[in-house]
Amino acid sequence: MQVYTKPKSIKENSSFTFCSGCDHGLVIKLVAEVIDELNLQENTIAVASSGCSVFLYDFLDVDCIESPHGRACAVATGIKRATKANKNEKFVFTYQGDGDFASIGLGESLHSALRGENITVICINNTNYGMTGGQLGPTTAMGQITTTSPTGRNRAYHGFPIKAAEHIALCDGTAYSARVGVYNIKNIINAKNAIKKAFECQIKGLGYSFVEVLSSCPTNWRLSPSDSHRKIETELTQIYPIKVFKDITND
Amino acid sequence: MIRNFIFSGSGGQGVLSVGIALANIYMLDDKFVSYCSSYGAEMRGGAVSCEVNVSDEELLCIQNDKADYVVAFNQKSLDKFISKVKENGTIIVNSSLAKIEKTRKDIKYIFAPLTSDAMKLGNIKFANSIALGILMKLCSNLSIDMVNCAFEKLLKNKKDLIQKNIDAFLFGYNYAI
Amino acid sequence: MNQKELLKGNIAIAKAAVKCGCSCYFGYPITPQSEIGEYLSAAMQERELGYVCAESEIGAINMAIGASSTGAKVLVSSSSCAISLMQEALSYAASDELPIVLVNVMRAGPGQGYIYPSQGDYNQTTVGGGNGDYKIISLAPSNVQECIEMTYKCFYLSQKYRNPVILLLDGLLGQMAESVELAENTYPEIDNSSWVLSGAHNRPSREIHSLEPNQDKLNRHILDLNNKYKKIEEEVTDWEEYMCEDAEYIITAFGSLSRHGKAVCKYFREKGLKFGLFRPKTLYPFPYKRLNELSKNLKGIIDIEMNLGQMLKDIRLAVLSNTKISFVGKPVGDWLKRDELIYAIENVIKEDYASIH
């Protein structure tokens, strides 16, 4: 009989404070499991950023710093370079939302990938600015209704969304770039494997590794948790395909 | 003793190097020195100048209205800096590239064909060392050893150039002024 | 034995940073401070230390936040309009209590302005552009030798008080070379093992964050910071007095312009007028108390600045109604020369006499 236990890297006596049906908790749990499996807990410095992702340090039991909005990859770069310079290199990953990574922080994000910084990025893509109440973000799909796109995202007013994993895969410094989902068991397992693979890329010193996680935001989408996952499976994966876009370990 | 120098010319004439050399020579003589050049976008378009100040005590005036000695390596810098020479001060004009013409009565002019003399010595780039020689003669009381030392310090990676520059310097130093 | 070297202010700062164990530099080119990054690009690489030519000043200062959180000594340098870009991160770093040394080699503003020297960032430095109740310690050198000494001090103070520190100098000083001695850094090392992020090995995990949804906790954090600032004000405030003992007039100035102020004092002393000069070496904390004491028996204070009177506000706060305060300044370009200052100050004194008679 297998007993399911909380990952060691999840803080004792903590319980997730995210909205019901939100995938943040699930993804943080997957990250914690991978940290445990790779025995990284005591050697990790995590970078949280602004938005719902900032609460990472309330749950994950590793050293953690919060970066200014969008600057997680720059902060992670500083940590990696400094610990390397002082001969005490740490495992460094950022945990960011899509607005943080691909809008306000796109410069820092893209350039850290181009430099091939040996860090890992977990980016939650829930197609809106969740913490501020569901405004249009860089990943909001065409036609999607948000509080700042009341008639749906359109070209004239809002332009087009960004496909982060595809863009990051184009950078020469990127070792691994994948988009995953967590809307069913099979995908959850694949997502965890992708996170593990990304972490392993950093351990091997291969360069920048990136996992974009298609995630639900039931509160702002005004949908039930199960309808949210159905929306991801049927609609969002059509726009944002679940795929590994780059993996230099396969080359 | 406080002395102010201005070197001016265009890029490639060694304007900044000669300023640095002068500052180093006085530094070796245990003087307080400051050296300041035009920089960044100011230099685009080719005009270059620098100011060297020398003093026995802590240098207070790091930017001055006027200088005791001005070296103008071309006509443009002559026109620009002639007004910066102090009354009874001296201007050294590179007569290879500027007109021999005295527009002020209250200063001393030294016209020297720096560029053509440098070419005679084998390299157009020695013009600045010749000017430095003339200048040192005017300021006197500095030992040639110090000049040797300064060149050795500044040209440590280009040993072959040290003697050639010293030769150019001496050529200037022995000018009949 | 130390040998004299002819060093530009910018290079002197870079060399001093290496001397006191700076292990990371992050920057983005901007005139008139690019030599700092240029020098360190080679120096850091040679020593296998941290160097990133960042994508922007925003990137650079945030890399500094990351590096500092691990206990590394970090240097960032930039200039005026680009320091503006860093204000958000400075507010974070102050809240997170992260030691970062930031060099601002001032150019003229507002906006892009130009690369001419100026002292236009006094307000930006001392008041700051970030949000919230925070303070950044700032030191203002007046010559290249002091650039070296103050770089050492900046690293020390930033580590000791766990606070960002700005070294504020003008483009003239950054670009000017002087004969200096690169002495050893004699400040003690500060133990940071109680707070740095190094991996939760044999200890509970640590968090560094400015976000605090708990109102009481946030309140307490801000008050704690404020208590630290009070301590800094008591312990760090530093200034120079030049011929102030019997002075009837005091010139106030900061940075390299203060040297011209000293030349003016000498001139007036020779004329029989008792002039002195007061120079804050720390802009925050500002030496209010000492200037207030000095101002009690004066005929007047003349504040000189290469801006339109930014430090003047602090002079007024210090002097209150003790004596008359005049201002001589200009915003940009060639420094106010000794003779220009003498001419302007003679006019000020004339007014004084006129008002007496």
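Below, read A as the first sequence line, B as the second, and so on, with proteins coming before strands; counting in each chain starts at 1.
If you measure heavy-atom distances from S56(C) to chain A, the contacts under 4.5 Å come from the side chain alone. Proximity to chain C is limited to the backbone of V62(A), based on heavy atoms less than 4.5 angstrom apart. If you measure heavy-atom distances from I58(C) to chain A, the contacts under 4.5 Å come from both the backbone and the side chain. Residue E108(A) touches chain C through both its backbone and its side chain, counting heavy-atom pairs closer than 4.5 Å. For a residue to count as touching a neighbouring chain, one of its non-hydrogen atoms must lie under 4.5 Å from one of that chain's; by this rule F91(A) does not touch chain C. Interface remark: S91(C) contributes no atoms to any contact with chain A (heavy atom separation under 4.5 Å). When heavy atoms are compared at a cutoff of 4.5 Å, N86(A) approaches chain C solely by way of its side chain, counted from C-beta outward. Proximity to chain A (any heavy atom under 4.5 Å) is restricted, for E88(C), to the side chain, taken from C-beta onward. Heavy atoms closer than 4.5 Å to chain C are found nowhere in K80(A), neither backbone nor side chain.
When R203(C), K73(C), R47(C) are compared by the number of non-hydrogen pairs under 4.5 Å with chain A, R203(C) comes out ahead. Contact count versus chain C (heavy atoms, under 4.5 Å) is highest, among A85(A), P68(A), S112(A), for P68(A). Contact count versus chain A (heavy atoms, under 4.5 Å) is highest, among G71(C), S198(C), A60(C), for S198(C). Of the residues considered (T77(A), N43(A), D61(A)), D61(A) shows the highest number of contacts with chain C, using heavy-atom pairs under 4.5 Å. The candidate from A46(A), C73(A), G107(A), G78(A) with the greatest count of non-hydrogen atom pairs under 4.5 Å with chain C is G78(A). Across K11(A), K84(A), Q41(A), the residue that shares the most heavy-atom pairs under 4.5 angstrom with chain C is K11(A).
Side-chain atoms of S215(A) and N126(A) include no donor-acceptor pair closer than 3.5 Å. Between the side chains of K90(A) and N88(A), a donor-acceptor pair is found at a separation under 3.5 Å. A donor-acceptor contact under 3.5 angstrom links the side chains of Y25(C) and S77(C), judged on distance only. For D100(A) and S50(A), the side-chain atoms include no donor-acceptor pair closer than 3.5 Å. At a cut-off of 3.5 Å, with distance as the only test, a side-chain donor of S103(A) or Y129(A) sits close to an acceptor on the other residue. A donor-acceptor pair shorter than 3.5 Å cannot be found between the side chains of T146(A) and N128(A).
Contact check on E166(A) versus R179(A) returns a salt bridge, with a Lys/Arg side-chain nitrogen under 4.0 Å from an Asp/Glu carboxylate oxygen. Taking a cutoff of 4.0 Å between a charged side-chain nitrogen and a carboxylate oxygen, R81(A) and E117(A) qualify as a salt bridge.
Taking the six-membered ring for Trp and thresholds of 30 and 60 degrees, H209(C) and Y57(A) have nearly parallel ring planes, at less than 30 degrees apart.
Residues H24(A) and Y95(A) bring their aromatic ring centres within 6.0 Å.
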